[in-house]
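Quantities reported herein were computed from a predicted structural model and do not represent experimental measurements.
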Amino acid sequence: MKKILFVMLMLAPMSIFAQKFAHFNSADVLPAMPEYKTASDEIQKLSTQYEEELARLQKEFQTKAEEYQKLSEAGNTAQAILQSKEQELQKMNESIQQFYQASQQDLQKQQQEKLGAIQAKVIAAIKKIGEAGGYIYIVDTTGGAIPFINETLSTNVTAQVKAELGIK
């Protein structure tokens, strides 16, 4: 019994060394994917549209604010008209803020939807490589969450991930 226990204890450290670890660099993989380029372009186009509309709304607000300032400085404008203009400016300002928040939320949602599908595809490729290669872990060296990775003891599978995704 002692001999069996001794043999098991001697083999345990060897099994640790037999484990296979791998890493890849998503910063090399993602930009090489055609879907990523398409999604990035679509998100950038949407962002530009929102920025242009926001600039238009802000210009309109600035014009009305200048008109209000002129009326206010003239001194001969009825108080009711000035109050009406003030309320209009406040509503415009609130509307601009709501538009900005809604546009940011929509951009974030679009990014999550478009990039989420791409990330799922990459994860599926990594799982396939991990299972085929018998790896215990495959980590992304781009994430920044890994304090250290000894690349000589770990296999770089970035090229395999790219090949699995059909990219060069």
Novice: Is Thr63 reaching over with its side chain to a backbone N or O of Lys59, donor-acceptor style, under 3.5 angstrom?
Specialist: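 Yes; judged by distance alone, with no hydrogens or angles, the pair exists.
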
Novice: Does the side chain of Lys109 reach to within under 4.5 Å of the side chain of Glu113, using non-hydrogen atoms?
Specialist: yes

Novice: How long is the gap from CD on Glu53 to CD1 on Ile96, to the nearest 0.5 Å?
Specialist: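 Going from the CD atom of Glu53 to the CD1 atom of Ile96 covers 9.5 Å.
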
Novice: Please report the interatomic distance CD(Glu66) to CD(Gln69), rounded to the nearest 0.5 Å.
Specialist: 9.0 Å

Novice: Okay, side chain of Lys20, backbone of Gly133: is any donor-acceptor separation there less than 3.5 Å?
Specialist: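 Between the backbone of Gly133 and the side chain of Lys20 there is a qualifying donor-acceptor contact (under 3.5 Å).
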
Novice: Take a 6.0 Å sphere around OH of Tyr50 and say whether it holds more than 12 heavy atoms from other residues, nucleotides or ligands.
Specialist: yes

Novice: Looking at every non-hydrogen atom in both residues, tell me the closest pair between Asp140 and Ser26 and how far apart they are.
Specialist: OD2-OG, 2.6 Å

Novice: Tell me whether Ser103 contacts the main-chain N or O of Phe99 through its side chain, where contact means a donor paired with an acceptor under 3.5 Å.
Specialist: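 Looks like yes, one N/O pair under 3.5 Å.
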
Novice: Determine yes or no for a side-chain-to-main-chain donor-acceptor pair under 3.5 angstrom, with Ser95 supplying the side chain and Lys91 the backbone.
Specialist: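 Here the side-chain-to-backbone pair does not exist.
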
Novice: State, to 0.1 Å, how close Leu46 and Asp106 come at their nearest heavy-atom pair, and which atoms those are.
Specialist: CD2-OD2, 3.7 Å

Novice: If the threshold is 4.0 Å, N to carboxylate O, is there a salt bridge linking Asp41 and Lys45?
Specialist: no

Novice: Looking at every non-hydrogen atom in both residues, tell me the closest pair between Asn156 and Phe24 and how far apart they are.
Specialist: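 Smallest interatomic distance, heavy atoms only, reads OD1-CA, 4.1 Å.
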
Novice: For Tyr137 and Phe21, take the angle between the two ring planes, folded into 0 to 90°, and tell me which bin it lands in: parallel under 30, tilted 30 to 60, perpendicular over 60.
Specialist: parallel

Novice: List the atom of Lys114, the atom of Ala39, and the distance in Å for their closest heavy-atom pair.
Specialist: CB-CB, 3.9 Å

Novice: Using every non-hydrogen atom in the two residues, find where Ile129 and Tyr135 come nearest and quote the distance to one decimal.
Specialist: O-CD1, 3.8 Å

Novice: Which atom names give the shortest non-hydrogen contact between Ala32 and Ile167, and what distance separates them?
Specialist: O-CG2, 3.4 Å

Novice: Do Ile126 and Met33 sit in one hydrophobic cluster, given that two such residues count as connected whenever their side-chain heavy atoms are within less than 4.5 Å of each other, even indirectly?
Specialist: yes

Novice: Side chain of Ser84, backbone of Ala80: donor and acceptor closer than 3.5 Å?
Specialist: no

Novice: Could you tell me whether Glu60 and Arg56 make a salt bridge, using a distance below 4.0 angstrom between a side-chain N and a carboxylate O?
Specialist: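 Yes.
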
Novice: Looking at Gln104, I want to see if its CD is surrounded by more than 12 non-hydrogen atoms of other residues, nucleotides or ligands under 6.0 Å.
Specialist: yes

